[in-house]
**Student:** 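For reference, the structure I am asking about is given below.
Letters A, B, ... are given to chains in the order of the sequence lines, protein chains preceding strands, and every chain is numbered from 1.
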Amino acid sequence: MNSLNSSQRKIIETINGPILVLAGAGSGKTRVITHRIVHMIQNIGISPSNILALTFTKKAAKEMKNRISDMMMNQTDFDQITLGTFHSIFSNILREESHWLGFKSNYTIYDHKDSENVIKQILQDLNLDRSLNYKEIKRKISEYKNNLYGLFYKKKLINQKVEESITKIYKFYTKRCFQANALDFDDILLHTNYLFFYFPNVLKKYQKKFKYILIDEYQDTNLSQNTVIKNLVSQHKNLFVVGDDAQSIYGFRGAHLSNILNFHLDYKNAKIFRLEQNYRSTNYIVQASNNIISFNKNQILKKIWTNNEEGEKIKIYCASSEEKEAQYIACSILSIKRKTNLQFENFAILYRAKIQSHIIEYSLKKKNIPYHIYGSISFENRKEIRDFLAYLRVIVNPDDEESLLRILKKRNQKTVKNILSLSKKKGITVYNIIQNIEDYKSLLRINNKTKNKFISLIFTIEKLRVNAEQDNAYVIAKNVINFLTKKNYYNYKNEDFQSILDYVFQYVKKQKELKNHGDTSLFGFLQCFYLEIHEDINHHKENKVSLMTIHLSKGLEFSIVFIAGLEENLFPSKSSLSTSFKIEEERRLFYVALTRAQKKAVLTYAKHRFIWGKKKENTPSRFIHEMNRNFIDIENHHKDILEKKKIHSLNHFHHVNHNKNYENSKYLKMKKGIKVFHKNFGLGIIVELQNQNQIALIKFQQSGEKRIFLKLDKLVIYS
DNA sequence: AAAGGGCGGCTTTTT
DNA sequence: GCCGCCCTTT
Ligand SMILES: Nc1ncnc2c1ncn2[C@@H]1O[C@H](COP(=O)(O)OP(=O)(O)OP(=O)(O)O)[C@@H](O)[C@H]1O
């Protein structure tokens, strides 16, 4: 506990009442929240079971869990703390309390794809215009739910017609999910809201249990989440939240800064603390990120400062293609590692979009650099994995129509279509129809062979289902695999198959090791699969370079951080260019990325990038232009790396940097009164430098006064 | 009824 | 360049 400064200490020692810690990057928010939990348990004597600690991402939850367990050395029953993501915690509560809301506790969690499929079907059923894009509708429904439209709030209709049809689809969607006994991610919080709103006794129970609530990254709460919390703390008001408006990056999930801005209105007598000393990064990094965030109009002003060393300037590297960008990163890692005593685990490569990971992975592999990709796309989206999970899901919940249809579609598409329409006409579940397929034989116009196929399938599932009551998840999973292998539906000797089975095995093993009551049930496994972080079983993460999206990197820190793909249309993302609101969120994302670095940040971008199989030319990101030139160092030839080894691929680095004049630091000499020559405007004289020396006000002989962005490098000193 | 080719949309980010 | 969907072929 002696590793806190006086303001941090004061914060952790304030136990009761509503508290907001509004603090900058690297100022010790997570440190404060974890220390506070330990302090509450060890010094104040609060029972761990009365503490609820919430995060938004699975990764942040795991990080916090690790930090607390390290600090408590496992001495107390710290696993009694309720700690996890909003979704994971409230999904557990819903499992207990589902009966109040009229659904069954064995509910299925629909992921993104499941929801989209449901929407696609609804569009088909309603014969609606295909131009209504299902992804857009999914987003809208999500928006409705996250903002609790219909529950406590009415939505202002902007485009009446569109909104009306979406409301209609929303209704059907809700009905389908209910019939399938399924919840999507947003439902987990929405239903918790229903639960607390309509059943005050249930709310009371949880108010009593969770006497102290702590939330990390509060800037990312949406209304639905915030309302759950408001209800939970309405009696005792012991709510402790930490956040940084400059790091709000989940707007697309309905996160709203108003939660942080109105904290003092929501909670009278709220204490608000600020932390502005950065303990993480070098002064160059702190200054550069302060400068970047200053381009945002919407922000709460903070003065982040540090006592740390000056450090190195932020490196910027321009590659000719994304492949060379990746090679550069790989080479740099090796070169920095050689020169310092850093380990691979001290390096991170961050990117805007997951897709960028492939090419980087490839070049790391080539150089034998160990790496770990967090949140990799492949696993849960693999066809075989989804097929397999569909069986598990139906075994747990036969009403899960998405999964059942997925299984059936592999067999007899036409009959399945008929069954589906019959199910809708008669209002009987698909599972029920197949169970009693003998009765519907004539209606469906199927022969005995087809009929028997369905009977044998349902027979198998039923058998597995009956056993599922006693068997643990692994036993069932193995049975499913045996069945599938026997039937030869898939070539299940493949790796996907082994790895998911291994995953189930690890889950069951871990549960069995728990002191109290491990949950080895299949439901428990599925809930873990959808809501908890996927532990890499066979691969250790130790001493590996970390690859992840910037979103996932929030809350983490690394000595050396590479930020790849700083190009317009990629970062900022193409879909964010339309409004300044969205651009500001992209800028905050860039701010998050920069502030992950302790010692050194390297920004890279590629002039050309393959997108949809076509080579596209991109201009450098506006964020590169926004970097204050006093804090950056543009690298072109990379002599130090090139000279070391004669690796053939290194020859690639002989290309010319997009902007040699940076290195010549010609315009570092730009001063008031100097004569300059501009590419387009000709001869002029610098009147003054503005915006931290990034813009020069120049009086041109021909075209009068103009403000010139120095980084665009259209200027030459005229002498 | 299955398999395979052509075509269009897609890649923003997470639970 | 890849995936899902639809249409055609066998
Ligand atoms: N008082 C302190 N003395 C020494 N080191 C500290 C102190 N407070 C925080 N740190 C260190 O500073 C770093 C950043 O802390 P932490 O991760 O808690 O910050 P944060 O505010 O959560 O950052 P961010 O919001 O950027 O994720 C950590 O390495 C932490 O150990």
**Student:** Do other residues, nucleotides or ligands put more than 12 heavy atoms under 6.0 Å from A/K616 NZ?
**Tutor:** no
**Student:** What are the atom names and distances for every N/O pair under 3.5 Å that joins the protein to nucleotides 9-11 of chain B?
**Tutor:**
| unit_1 | atom_1 | unit_2 | atom_2 | d |
| --- | --- | --- | --- | --- |
| B/dC10 | OP1 | A/N133 | ND2 | 3.2 |
| B/dC10 | N3 | A/W612 | NE1 | 3.4 |
| B/dT11 | OP2 | A/K135 | NZ | 2.2 |

**Student:** Report the base-pairing partner of C/dT10 (Watson-Crick or G-U wobble, both distances below 3.5 angstrom), or none.
**Tutor:** B/dA1
**Student:** Among all residues two or more places apart in sequence or in another chain, which pass the salt bridge (Lys or Arg N to Asp or Glu O under 4.0 Å) test with A/R67?
**Tutor:** A/E63
**Student:** How long is the line joining CD of A/Q247 and P of B/dT14, in whole Å?
**Tutor:** 16 Å
**Student:** Look at A/D111 together with A/R386 and state whether they make a salt bridge at an N to O cut-off of under 4.0 Å.
**Tutor:** yes
**Student:** Just to be sure I understand the rule, does A/K582 reach a base, reach only the sugar-phosphate, or reach nothing, if contact means heavy atoms closer than 4.0 Å?
**Tutor:** nothing
**Student:** May I ask you to say what A/F56 touches in the nucleic acid, namely base, sugar-phosphate or nothing, with a heavy-atom cut-off under 4.0 Å?
**Tutor:** sugar-phosphate
**Student:** Could you check whether A/K58 gets within reach of a base, just the sugar-phosphate, or nothing at all, counting any heavy atom under 4.0 Å?
**Tutor:** sugar-phosphate
**Student:** Could you tell me which residues satisfy side-chain contact (heavy atoms from CB on, under 4.5 Å) with A/I533, sequence neighbours excluded, listed by chain and number?
**Tutor:** A/K58, A/K59, A/K62, A/E535
**Student:** Does A/A473 have any side-chain contact (heavy atoms from CB on, under 4.5 Å) partners at least two apart in sequence or in another chain, and if so, which?
**Tutor:** A/V504, A/V508, A/L522, A/F525
**Student:** Rounded to the nearest Å, what distance is computed from the NZ atom of residue A/K120 to the P atom of nucleotide C/dC5?
**Tutor:** 4 Å
**Student:** For the pair A/R588 and A/D245, find out whether any cationic side-chain nitrogen is under 4.0 Å from an anionic carboxylate oxygen.
**Tutor:** no
**Student:** Considering residues at least two apart in sequence or located in another chain, which fulfil the ring-ring contact (aromatic ring centres under 6.0 Å, His included) criterion with A/F56?
**Tutor:** A/F86
**Student:** Over how many whole Å does the gap from A/Y362 atom OH to C/dG1 atom P extend?
**Tutor:** 14 Å
**Student:** For A/K554 and A/E217, run salt bridge (Lys or Arg N to Asp or Glu O under 4.0 Å): C-alpha distance rounded to whole Å, both residues' side-chain angles, the deciding distance at 0.1 Å, then the answer.
**Tutor:** CA-CA 9 Å; A/K554 197 156 68 164; A/E217 313 280 10; 3.8 Å; yes
**Student:** Scan nucleotides 5-7 of chain B against the protein and return all N/O pairs shorter than 3.5 Å with their distances rounded to 0.1 Å.
**Tutor:**
none

**Student:** Whether A/K59 contacts B/dT14 is assessed here as follows: a side-chain N or O lying under 4.0 Å from the phosphate OP1 or OP2. Is that the case?
**Tutor:** no
**Student:** I'd like to know if A/E568 and A/R622 make a salt bridge, using a cut-off of under 4.0 Å between side-chain N and carboxylate O.
**Tutor:** yes
**Student:** To the nearest Å, give me how far apart CG (A/D114) and P (C/dG4) are.
**Tutor:** 13 Å
**Student:** Within the structure shown, what part of the strands sits under 4.0 Å from A/L552 by heavy-atom distance: base, sugar-phosphate, or nothing?
**Tutor:** sugar-phosphate
**Student:** Please name the nucleotide paired to B/dT13 by Watson-Crick or G-U wobble geometry with both distances under 3.5 Å, or report none.
**Tutor:** none
**Student:** Return the stacking result for B/dT14 and A/F252: yes when the ring centres lie under 5.5 Å apart and the planes under 30°, no otherwise.
**Tutor:** no
**Student:** How is A/F571 classified with respect to the nucleic acid when contacts are heavy atoms under 4.0 Å: base, sugar-phosphate, or nothing?
**Tutor:** nothing
**Student:** By nearest atom, which of the nucleotides B/dT15, C/dG4, B/dT13 is closest to the A/T85 side chain?
**Tutor:** B/dT15
